[in-house]
Amino acid sequence: MAKKSTASRPRIPTHVAIIMDGNGRWALARGLPRLVGHRAGTENLRRIITACVEFGVKYLTIYAFSTENWGRPREEVEGLMNILEDVIDRELAELNKEGVQLRHIGRLERLDPKLQEKVMEAIELTKHNDRLVLSVAFNYGGRDEIVFAIQKMIKDGIKPDEVSSDMVSHYLFTAGVPDPDLIIRTSGELRVSNFLIWQGAYSEWYVTSVYWPDFNKGEFRKALDTYGQRDRRYGGLTEMDGGKDYNAG
Ligand code: FPP
């Protein structure tokens, strides 16, 4: 009997992370203000959340506002804050009904206190849901996350030789969430942009030129299908490469 391949080729990724890029260019191409692009991107996000539930993706992480986005014009920054508030106001009940657990990664403290409270309430309300864990990266930066983790480890009195890769993961905002299997970036840019730089060490990437507001369920399915064709080697070898004893875990 042929030996079963040990290469890891799951059809559906457990954790998908998305850099939702191209809202501004989508709007510009239509002669519309950038914020209209962000609103269209938000509507698309809603569709992709539903698609995740349908396709069996268990974790979705979205890059909604980076630590660098504070440098955008005041109107756009305020607009993105308003979008976060609107999403909670309008969608929370439905998301809760669909079994979506909301999490936040990043720093809440720079946000308006009322918005911070809304985010905390949404997290509390949905904390027992388990159909999809939706992590919203808002005021998030990968380097900031690692610096913050190191500060916490030092404050906790962790000794140098106690520090391990698992411990660092445990101190990140994403503690308890598996590393992303697939990272999608829309609008064609070939950059990591400070997103999940620790957690994405062995993620598969899918980059498409489609702008985020147009990245519909069909485009998402294409990304998942492409992922399903990949052999994940984690720096090792598969049987096909002659590494028959390779354990993909
Ligand atoms: C990047 O496109 C997108 C962002 C900085 C914001 C993404 C936010 C959303 C889709 C809204 C969802 C938000 C929440 C809070 C749920 P860009 O503006 O850099 O596009 P460009 O590169 O074409 O200018």
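These numbers were taken from a predicted model, which means no experiment stands behind them. Ligands are counted one by one from 1 in listed order, and the atoms in each one are counted from 1 as well.
- Among all protein heavy atoms, the one lying closest to atom 6 (C) of ligand 1 is Ala64 O, 3.3 Å.
- Residues meeting the side chain to side chain contact (heavy atoms under 4.5 Å, CB included) test with Asp130, sequence neighbours left out: none.
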Subject >> Residue pair Trp70, Asn139: steps toward the side chain to side chain donor-acceptor pair (under 3.5 Å) verdict >> reply: CA-CA 8 Å; Trp70 292 105; Asn139 194 20; 2.8 Å; yes
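- At least one N or O atom of Asp21, backbone or side chain, sits closer than 3.5 Å to an N or O atom of ligand 1.
- For the pair Asn23 and ligand 1, the shortest N or O to N or O distance falls below 3.5 Å.
- Of the protein's non-hydrogen atoms, the one nearest atom 3 (C) of ligand 1 is Met20 O, 3.2 Å.
- In this structure, Ser187 has no heavy atom closer than 4.0 Å to ligand 1.
- For the side-chain contact (heavy atoms from CB on, under 4.5 Å) criterion with Trp205, the lone passing option out of Ile183, Leu190, Leu182 is Ile183.
- For the ring pair (Phe, Tyr, Trp, His ring centres under 6.0 Å) condition, the pairs that include at least one residue of residues 167-186, sequence neighbours left out, are Phe148-Phe173.
- Nearest protein heavy-atom neighbour of atom 12 (C) of ligand 1: Thr42 OG1, 3.7 Å.
- With a 4.0 Å cut-off on non-hydrogen atoms, Trp26 does not touch ligand 1 at all.
- Ligand-side atoms of ligand 1 in range of Arg25: 21 (P), 22 (O), 23 (O), range being under 4.0 angstrom from any heavy atom.
- The existence of a salt bridge linking Lys114 and Glu117 is excluded, since no basic side-chain nitrogen approaches an acidic carboxylate oxygen closer than 4.0 Å.
- Ligand 1 places these atoms under 4.0 Å from at least one heavy atom of Arg72: 5 (C), 17 (P), 18 (O), 19 (O).
- Comment: Glu43 does not engage Arg46 in a salt bridge, judged by the lack of any side-chain N to carboxylate O separation of less than 4.0 angstrom.
- Every atom of ligand 1 with a heavy atom of Leu45 under 4.0 Å away is listed here by number and element: 16 (C).
- Nearest to atom 4 (C) of ligand 1 among the protein's heavy atoms is His38 CE1, 3.8 Å.
- Within 6.0 Å of CZ in Arg90 there are 12 or fewer heavy atoms belonging to other residues, nucleotides or ligands.
- For a threshold of 3.5 Å applied to N or O pairs, the pair formed by Leu84 and ligand 1 contains no separation below that value.
- Those atoms of ligand 1 with a heavy atom of Arg34 less than 4.0 angstrom away are 17 (P), 18 (O), 24 (O).
- Not a single N or O atom of Asn69, backbone or side chain, sits closer than 3.5 Å to an N or O atom of ligand 1.
- Of the inter-residue distances, the one linking Leu80 atom CG with Thr42 atom OG1 reads 8.0 Å to the nearest 0.5 angstrom.
- Arg131 and Glu98 are not joined by a salt bridge, as no carboxylate oxygen comes within less than 4.0 angstrom of a charged side-chain nitrogen.
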**OP:** Could you check Glu219 against Lys222 for salt bridge (charged side-chain N to carboxylate O under 4.0 Å, His left out), going step by step and ending with a plain yes or no?
**Re:** CA-CA 5 Å; Glu219 294 291 338; Lys222 236 195 282 178; 3.3 Å; yes
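- In this structure, the protein non-hydrogen atom closest to atom 20 (O) of ligand 1 is Gly24 N, 3.1 Å.
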